[in-house]
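A quick write-up on the structure given underneath.
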Amino acid sequence: MINKILVANRGEIAIRVMRAARESGIATVAVYSEADKDSLFVKYGDEAYCIGPASARESYLNIPSIIKVAKTFGADAIHPGYGFLAENADFARVCEKEGIIFIGPSSQALELVGNKTHAREAAQAAGVPVVPGINQCSDLAEIEIEVEKIGYPVIIKPSDGGGGIGMQVVNRKNELKRSLEMSSTIASRAFGKGDVYIEKYLQHPRHIEVQVLADCHGNVVHLCERECSIQRMHNKLVEEAPSPIVTPEIRAEMGRMAVDFARKIDYRGAGTVEFIYCEERFYFIEMNARVQVEHTVTEMVTGVDIIKEQLRIASGLPLSIAQEEVKINGWSIECRINAEDPFNNFAPSPGALKAYRSPGGIGIRVDSGVYNGFVISPYYHPMISKLIAWGRDRDEVIARMKRALYEYIIVGVKTNIILHKAIMENPRFVSGDLYTDFLSLEKDLTQDMLQIQERDRASVERLKETFKFIS
Ligand code: ADP
């Protein structure tokens with residue numbers, strides 16, 4: 001059994017993990033950078049230790065410091081959250097060597113899925129369809145011939161990458177060489193390895209992923225799908241469960257494939273098998289070997305606490321649910337609320353929250369690490385919160401999300417709330433016609449945002465009147 005967990009992360013996900021630990025009767029240790037000393041998660045942990053300056057490299061990515069705190073203060077397990085060290089096989093290996101439980105998959109599984117070409121090969125071996133592509137990119141002349149066979153456009157992706165970084169879409173032959181070089185250079189800089197691979201670039205696909213849980217007793221279940229097609233620069237912005245397009249038959253098939261893949265690679269823990277869906281076919285793109293930002297929508301419709309399942313698995317216990325017990329109840333949507341300027345290319349907008357009140361009421365969940373007066377730091381991703389709504393059906397959850405966005409008061413920084421309002425009112429979104437380039441193709445969104453801002457100005461100002469702003 002686990003007695004004390006060190007949470008090697010910050011912000012909302014650190015609090016999310018600490019909440020699950022508290023409910024499970026497990027103590028927690030927060031570690032934080034100097035820039036985060038006033039953060040809520042630091043106070044939420046039973047103990048908290050500073051591990052370095054603001055730079056993530058010297059704090060949240062500082063393996064020796066984190067291990068030292070765990071050993072000195074008796075943490076027998078480490079939860080890495082998402083991002084930072086969550087999918088770092090070296091970190092998992094150090095934990096294994098030091099006798100600390102890494103709350104996640106084994107270092108071998110992390111290594112395998114961390115390399116996307118290896119993951120593609122494993123998917124193929126498990127009978128899971130992958131996007132047509134080229135795994136080995138060395139000789140240009142050969143690549144050109146192979147790409148001709150697949151047909152343009154194609155997308156070049158870093159093999160060891162993530163977060164959409166370094167991906168290049170290539171529309172014609174004369175762009176191939178330059179794009180390969182560019183992707184490889186960006187990959188070397190960002191991930192320390194310049195290897196890239198190529199996939200057919202599918203037109204207007206949907207991003208649909210399946211949540212899986214696997215314990216060390218041979219039980220593997222899936223918690224159905226999430227749709228994450230609303231993206232900006234290949235990064236998710238709005239997620240929902242279930243997907244408007246997935247039928248019970250497709251759900252069963254995708255679920256079975258995700259479970260087969262997890263079994264094939266001997267996976268343990270919570271993970272997500274990601275697919276893109278195009279012209280009624282779906283293709284594996286990668287596995288995320290960690291809890292994801294958007295795990296919340298799955299929790300809302302299945303009632304399963306995914307973090308608590310992670311804790312059970314890491315403690316050597318069997319999963320608390322069997323596949324036949326997994327049922328979808330209603331619909332859930334998550335909006336990622338960021339401090340960024342929607343009218344200036346979404347530039348980060350760090351600063352103090354001079355007034356802050358999050359929405360509430362029936363069917364609303366806010367996962368956040370901020371409070372009134374909190375300062376959004378320029379050093380990290382400017383997420384303010386994850387606003388999650390639940391409704392009995394898609395219409396109800398959209399209406400509820402619109403209502404919650406109207407109630408949200410954030411003064412002092414610019415936010416993307418107005419974009420979320422425009423998405424929730426967009427007829428295409430409402431009809432469930434989603435695709436990953438939705439935001440770049442909906443040309444009138446800026447106009448919609450301006451109109452909604454004007455329309456809601458008076459009511460938003462009325463809500464703000466109740467606040468004494470912190471100066
Ligand atoms: P990352 O791990 O960097 O986020 P992914 O492989 O998960 O990269 O892809 C991220 C997003 O990029 C997908 O959700 C989708 O929007 C887009 N994408 C990825 N591969 C393709 C493809 N072959 N065709 C079209 N879009 C793609």
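In each ligand, atom 1 is the first atom listed, and ligand 1 is the first ligand listed. For clarity, every value in this text was computed on a predicted model and none was experimentally measured. Computed over heavy atoms, backbone and side chain alike; hydrogens, waters and symmetry mates excluded.
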ask   = Side-chain contact, heavy-atom cut-off 4.5 Å: Y283 with V128?
value =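 No, every pair of side-chain atoms sits at 4.5 Å or beyond.
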
query = Would you say the side chain of W390 lies within less than 4.5 Å of the side chain of W331, judging by non-hydrogen atoms?
reply =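 They are not in contact (no side-chain heavy atoms under 4.5 Å apart), so the answer is no.
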
Quick one: nearest non-hydrogen protein atom to [atom], plus distance?
atom                    : value
atom 12 (O) of ligand 1 : H234 ND1, 3.2 Å
atom 26 (N) of ligand 1 : Y201 CE1, 3.5 Å
atom 16 (O) of ligand 1 : Q231 OE1, 2.7 Å
atom 5 (P) of ligand 1  : E286 OE2, 3.6 Å
atom 21 (C) of ligand 1 : I276 CD1, 3.6 Å
atom 10 (C) of ligand 1 : M167 CE, 3.9 Å

Can you sort out which atoms of ligand 1 are near [X], meaning under 4.0 Å from one of its heavy atoms?
X    : value
H207 : 13 (C), 14 (O)
I155 : 22 (C), 23 (N)
G164 : 1 (P), 3 (O), 4 (O)
E274 : 7 (O)
K157 : 6 (O), 19 (C), 20 (N)
G162 : 1 (P), 2 (O), 3 (O)

message = Under a 4.0 Å threshold between the charged nitrogen and the carboxylate oxygen, would R93 count as salt-bridged to E111?
response =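 R93 and E111: salt-bridged.
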
Pair D367 + R365, salt bridge at N-O below 4.0 Å =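 Here D367 pairs with R365 in a salt bridge, since their nearest N and O are under 4.0 Å apart.
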
request  = Check the surroundings of atom CG in D266: do more than 12 heavy atoms from other residues, nucleotides or ligands lie under 6.0 Å from it?
outcome  = no

Checking salt bridge (charged side-chain N to carboxylate O under 4.0 Å, His left out) against [X], which of [options] comes through?
X    : options                : value
E299 : R16, K308, K386        : R16
D260 : R256, K264, R263       : R256
R226 : E209, E239, E334, E274 : E209

message = Going by side chain to side chain contact (heavy atoms under 4.5 Å, CB included), M424 matches just one of I452, V238, V430. Which one?
response = V238

Backbone or side-chain N or O of L202 under 3.5 Å from ligand 1 N or O = yes

inquiry  = If you measure every N or O of I165 against every N or O of ligand 1, does any of those distances drop under 3.5 Å?
reply    = no

Proximity flag K116 to ligand 1, non-hydrogen atoms under 4.0 Å = yes

ask   = If you draw the axis of the six-membered ring of F41, does the NZ or CZ of R19 fall within 45° of it and under 6.0 Å from the ring centre?
value =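 Cation-pi check for R19 and F41: fails.
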
